[in-house]
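Some notes on the structure that comes next.
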Amino acid sequence: MSVKAKTKQCKSAIITHSPCSQSTQMEQNKMTEQDLHTGDNPESAEKGGEQELRRHRLAKLDRIRQRGDEPYKYVFDRTHSIGDARNLLESMEKEADENEPPAFPARLAGRIVARRVQGKSTFMDIRDESGRIQVFLGEKQVGEVAYEETKDLDIGDFIGVSGSVKKTRRGEITLFAEVYEILAKSLRPSAEKYHGLADVEIRYRHRFLDLVANPEVMTVFRKRIEMIEVMRSWLRSHGFLEVETPMLHPIPGGATARPFITHHNTYDSQFYLRVAPELYLKKLLVGGFEKVFEINRCFRNEGVDGRHNPEFTTMEMYEAYQDYMGLMDETEDMLTHMMEAIVGSRSFVYQGQEIEIGRPWKRLTLFDAIRQYAGIDLESTKDRDTAARLAKSIGVEITPDMGYGKIVDEVMSEKVQPNLVQPTFLYDYPWELSPLAKRKRGNPELTERFQPFIACLEVGNAFSELNDPIDQRQRFEAQVALREAGDDEAQYLDEDFLTALEVGMPPAAGLGIGIDRMAMIVTNSPSIRDVILFPQLRPGV
RNA sequence: GGACGGGUAGCUCAGCCGGUAGAGCAUCGGACUUUUAAUCCGGUGGCCGCGGGUUCGAAUCCCGCCCCGUUCACCA
C-alpha cells in the first residue's frame, strides 16, 4: 500500500471538485452528476476503485450542501453517551412491569459502522467511545424527504440522532429516530466489516484506521493508560513526586545505548535525545528531593524489533535513604498491584504462558540463577578466558571482544531468561555491567542491582545508586576506555554529574520500569508495536 | 545485516508446476417497513509492490530492489 500514491490520488480528486472555478455551486454539482453518469469529464474520467468510491462520496457531499445542509457541523448536544443510554435502558427494564416496556427520549451521536436497508426502513449501527447502538430509521417516522436523504449517508459518517431508546421485538436496544442530522462526512471507504483491517503495515502506519476498523485495539490502549494511572497513583500514595527532566541532553547518559543526535540552532550546539533520565533525577536527590519519579520517553538509536521501538516509555523512580533490597519489596508491591488491577485476577495468560501473580516473587542472585539454569559456575571464575570456555561448553556463543561481565550477561540472556516465566528478581550483578550502581557490601566485584522479569521479558532495572564520586569517576573512566576501544555504546564521562555527587547525594535506590513491556504483558500483546499508538516504521514508501 | 514467510480490487483473501485475473464484503442500480455478517437480482472496480530477464505468451519461472512480518545477529 503506497501512502504516496494515495496522497496523490486524493489531491487529484480534490482538484476535480475544487470550488476555485467561477462556476456556481449548482454548476459544480451538475458537473459532478455528469462525472458519475458519463465519466467524460477529462479530469475525473480516470477510473480506479478507490477514486470511484471517493467520487461517490463527494457527490453525496455535494448533494448535502446543495440542499442547504452543512456536512461538517460545529456542535451536537448529546443527552447521553451510547454506553450510558444502554445502561439506562437496562436498569429501567429491571424495574418495569411487563405490559409497559421501558423507553426514554435521547439524543445520541456516533460514527455509522453498519447499515442495513430494507426499502422504507433502515437500520444503522452507530458507535461512540462508549459503545455501539442500533438506530432505526423509518420513512413514516422521519418523513419522506429525510428518509430519502439517508441515501447520502455512508458507513464512516458521523451522525446525531434524536428519538426514543427502547428494545426492538427481537430484543436489540435501539434508538428509534425521529430526527437525524449528519455531523461529519467521511470520504474514504471503510474496511471489511467482518474481518476488519488485518494488514499490520496499515494498522501501524495509520493507527486511526486500525482504531476505526478494530474496536478491540482501543481496549488495549485503555488498559495501557489505566496501568500507567495505577502506577502513578501507587507512586503518589507512597510519597513520590512526579517531575520532568530534559529530553535534550548535551551529554547522553544514564544508560549504555547509542543516542539520537540533534542540533540546536541558537546555541549552535549538538544535543542528544535522552537515552535515560537517570542522571538528572539523581541530581534532584542531590538538590534535596527525596522521592521523585518521571514517566516519559527515552530514545535509543538501535535495532527495531517486536520488543524495541526507537522511542519508548519508562518510569524511573529514586528514593533517598533506601537500598536495593527495600526497593525490591516496593517494586514487587507496585508491579503486582498494576498487573492485578488490569487483568483483574491473580493469574493471566501471556502468549500461551500462564502467569501467576503470587507473592513473594522468586528471588535469585544472578550467579545462582546461572548455576541453576545454565549448570555452570561463573561466580568462582573471575578469569575472563575460563568464563568464556565454560560459556562455550554450554553452547553460548562468545566473541573475543566480550569481557567477563559481557559473558555473564550473555549466559543470562541465553540460558536463564527463557526460564523466567513467573515474576522473578535476579540480583547482584558483576560491576562491569553496571557503571552507575553501588558495589555490594562485602563483595566489591558485584553491584547491588536487580532486575524484575515477567513472562521471560526483562521489565526493569534497579540498584543501590552509586553516590561515591571517586568510584563514579573511575567507573566513567572505564566506560570512556571502552568507548575509545571502539564500543560506541559505552557511557560518557559527565563532569556535571560528578560535580553533583561531590556536592553529596544521600544513599538512595533507583528503579526503571519499561512501560511498554509491562503494557505488552498485561494486554497479552506479542509486539511492542501493539501497545504504542504510533510505532516507528521505516519512513517514506 | 542473514534466513524464512508475505505484498493480487477500497477491505479480507483465492489463483502461483506459464495460456484472456477471481470470490466475499464494500460501492453503484433494482426489489424489499424489524434487520443485526439482512436477503435476492444486475453492474462498476486491477501498473497482480517496483525494475529487469527468460518465453510466442509471466500474477505465476529467474535476477535485482523496496516495504511488512517472524527469527537470528545486534541490542536492555
Side-chain angles (χ1 to χ4, degrees), chain A residues 1-6 9 36-37 39 46-57 59-60 113-125 132-141 147 151 154-156 167-174 176 186-205 209 212-214 254-258 275-276 298 300-308 310 312 314 397 399 406 409-410 412-414 417 429 433-434 451 453 457-461 488-489 512-514 516-517 526-527 529 535 537-541:
Chain A
M1 177 60 43
S2 163
V3 175
K4 230 178 205 165
K6 266 189 170 170
Q9 286 170 345
L36 277 175
H37 297 306
E46 71 202 77
K47 291 204 168 175
E50 197 171 4
Q51 274 305 300
E52 196 172 335
L53 295 172
R54 191 185 161 79
R55 272 202 301 275
H56 286 139
R57 290 184 177 227
K60 292 172 183 175
V113 293
R115 188 159 69 141
R116 298 175 291 280
V117 183
Q118 242 108 70
K120 290 177 181 171
S121 69
T122 292
F123 291 90
M124 289 183 183
D125 293 348
R132 185 193 249 245
I133 194 168
Q134 175 167 268
V135 174
F136 175 82
L137 288 150
E139 189 191 70
K140 208 163 77 184
Q141 288 77 18
Y147 188 77
K151 290 177 181 167
D154 286 297
I155 290 171
K167 277 196 173 169
T168 60
R169 290 207 282 272
R170 304 236 180 145
E172 175 84 16
I173 296 176
T174 300
F176 286 81
S186 166
L187 298 181
R188 297 221 171 225
S190 63
E192 215 268 348
K193 66 178 172 187
Y194 192 57
H195 299 94
L197 180 66
D199 185 323
V200 291
E201 188 167 356
I202 299 176
R203 291 184 49 213
Y204 296 152
R205 286 191 191 276
L209 293 174
V212 170
N214 305 318
T256 40
R258 266 174 287 177
V275 295
C298 294
R300 296 190 186 174
N301 206 340
E302 287 165 356
V304 178
D305 62 33
R307 278 162 298 286
H308 301 264
F312 59 101
T314 62
E397 249 182 77
T399 54
K406 183 70 193 159
D409 187 45
E410 194 65 20
M412 190 272 282
S413 318
E414 286 280 316
Q417 195 170 338
Y429 284 58
L433 291 174
S434 320
Q451 293 198 284
F453 291 84
L457 288 171
E458 170 193 323
V459 295
N461 191 18
D488 58 356
E489 278 144 18
I513 294 290
D516 309 282
R517 289 201 183 156
S527 168
R529 296 179 199 107
L537 298 192
R538 192 175 290 272
V541 188

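All chains are named by letter (A, B, ...) in the order of the sequence lines, taking the proteins before the strands, and each is independently numbered beginning at 1.
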(message) Measure NE2/A/H195 against C1'/B/C11 and give the value in whole Å, please.
(response) 10 Å

(message) Roughly how many Å apart are B/C62 and B/C74, using the P atom of each and rounding to a whole number?
(response) 32 Å

(message) In whole Å, I'd like the distance from the CZ atom of A/R188 to the P atom of B/G10.
(response) 12 Å

(message) Would the base of B/C28 count as contacting A/H56 through its side chain, where contact means a donor and an acceptor less than 3.5 Å apart?
(response) no

(message) Please report the distance separating the P of B/A26 from the corresponding atom of B/A37, rounded so that it comes out in whole Å.
(response) 12 Å

(request) Please tell me which of A/A198 and A/R258 maps to the more 5' nucleotide of RNA chain B, matching each residue to the nucleotide holding its nearest heavy atom. (result) A/A198

(request) Would you mind reading off the distance between A/Y194 atom OH and B/C25 atom P, rounded to a whole angstrom? (result) 13 Å

(request) Using the P atom on both, measure B/G29 against B/G6 and round to a whole Å. (result) 40 Å

(request) Only one of A/R55, A/R188, A/R57 passes salt bridge (charged side-chain N to carboxylate O under 4.0 Å, His left out) with A/E50; say which it is. (result) A/R188

(request) Using heavy atoms to find the nearest nucleotide of RNA chain B for A/K151 and A/A114 separately, return the residue whose nucleotide is more 5′. (result) A/K151

(message) When you measure from the side-chain N and O atoms of A/K140 to the phosphate of B/U34, is any distance below 4.0 Å, counting only OP1 and OP2?
(response) no

(message) Check whether A/Q451 reaches the backbone of A/G460 with its side chain - one donor and one acceptor, N or O, closer than 3.5 Å.
(response) yes

With 3.5 Å as the limit, what N/O pairs link the protein to nucleotides 69-73 of chain B?
unit_1 : atom_1 : unit_2 : atom_2 : d
B/G69  : OP1    : A/R529 : NE     : 3.3
B/G69  : OP1    : A/R529 : NH1    : 2.9

(message) Using Watson-Crick or G-U wobble geometry with both distances under 3.5 Å, which nucleotide pairs with B/A14?
(response) none

(request) Taking only the side-chain heavy atoms of A/F176 (C-beta and beyond), determine which of B/U12, B/U34, B/G10 contains the nearest atom. (result) B/U34

(message) In whole Å, I'd like the distance from the CG atom of A/L53 to the P atom of B/G45.
(response) 12 Å

(message) Distance check needed: B/C11 P versus A/E192 CD, whole Å only.
(response) 11 Å

(request) Determine the contact category for A/R57: base if any of its heavy atoms lies under 4.0 Å from a base atom, sugar-phosphate if only primed atoms, P, OP1 or OP2 are that close, otherwise nothing. (result) nothing

(request) Could you tell me whether the phosphate oxygens of B/C67, OP1 or OP2, come under 4.0 Å of any side-chain nitrogen or oxygen in A/R538? (result) yes

(message) Measuring only the P atom in each nucleotide, how far is B/A59 from B/C47? A whole number of Å is fine.
(response) 13 Å

(message) Without decimals, in angstroms, what is the distance between A/R54 CZ and B/A9 P?
(response) 19 Å

(message) Counting C-beta onward and ignoring hydrogens, is there a side-chain heavy-atom pair between A/T122 and A/K151 closer than 4.5 Å?
(response) no

(request) Give a yes/no answer on whether the side chain of A/K60 brings an N or O atom under 4.0 Å of OP1 or OP2 in B/C28. (result) yes

(request) Determine whether A/S527 and A/Y204 make a side-chain contact, defined as any pair of heavy atoms from C-beta on separated by less than 4.5 Å. (result) yes

(message) Between A/R205 (side chain only) and A/L537 (backbone N and O only), is there a donor and an acceptor less than 3.5 Å apart?
(response) no

(message) Between A/R205 and B/C68, is there a contact of a side-chain N or O with OP1 or OP2 at under 4.0 Å?
(response) yes

(message) Please find the pair of heavy atoms, one from A/R529 and one from A/P535, that lie closest to each other, and give the distance.
(response) CG-CB, 3.7 Å

(message) Rounding to an integer number of Å, can you tell me how far A/L137 CG sits from B/U33 P?
(response) 15 Å

(request) Could you check which of B/U12, B/U33, B/U36 has an atom nearest any side-chain atom of A/E172? (result) B/U36

(request) Can you sort out the partners of A/Q118 under side-chain contact (heavy atoms from CB on, under 4.5 Å), two or more places apart, ordered by chain and number? (result) A/S121, A/F123

(request) Compare side-chain N and O positions of A/K193 against OP1 and OP2 of B/A26 and report whether any pair is under 4.0 Å apart. (result) yes

(message) Categorize A/A213 for me: base, sugar-phosphate, or nothing, with a 4.0 angstrom heavy-atom threshold over every strand shown.
(response) nothing

(message) Using the side-chain heavy atoms of A/R115, tell me which of these nucleotides is nearest: B/U33, B/U27, B/U36.
(response) B/U27

(request) For B/G45 versus B/A23, give the span between their C1' atoms, rounded off to a whole number of Å. (result) 14 Å

(message) Please report the distance, rounded to the nearest Å, between CD in A/E50 and P in B/U27.
(response) 15 Å

(request) Please determine which of A/E172, A/K167, A/R116 meets the side chain to side chain donor-acceptor pair (under 3.5 Å) test together with A/Q134. (result) A/R116

(message) For the P atoms, the ones on B/C41 and on B/G24, what distance do you get once it is rounded to whole angstrom?
(response) 10 Å

(message) Quiz question: by atom type and distance under 3.5 Å, do the side chains of A/Q141 and A/Y147 form a donor-acceptor pair?
(response) no

(message) When the C1' atoms of B/A14 and B/U60 are compared, how many Å lie between them, rounded to an integer?
(response) 14 Å

(request) Using the P atoms only, state how far B/C61 lies from B/G15, rounded to an integer number of Å. (result) 12 Å

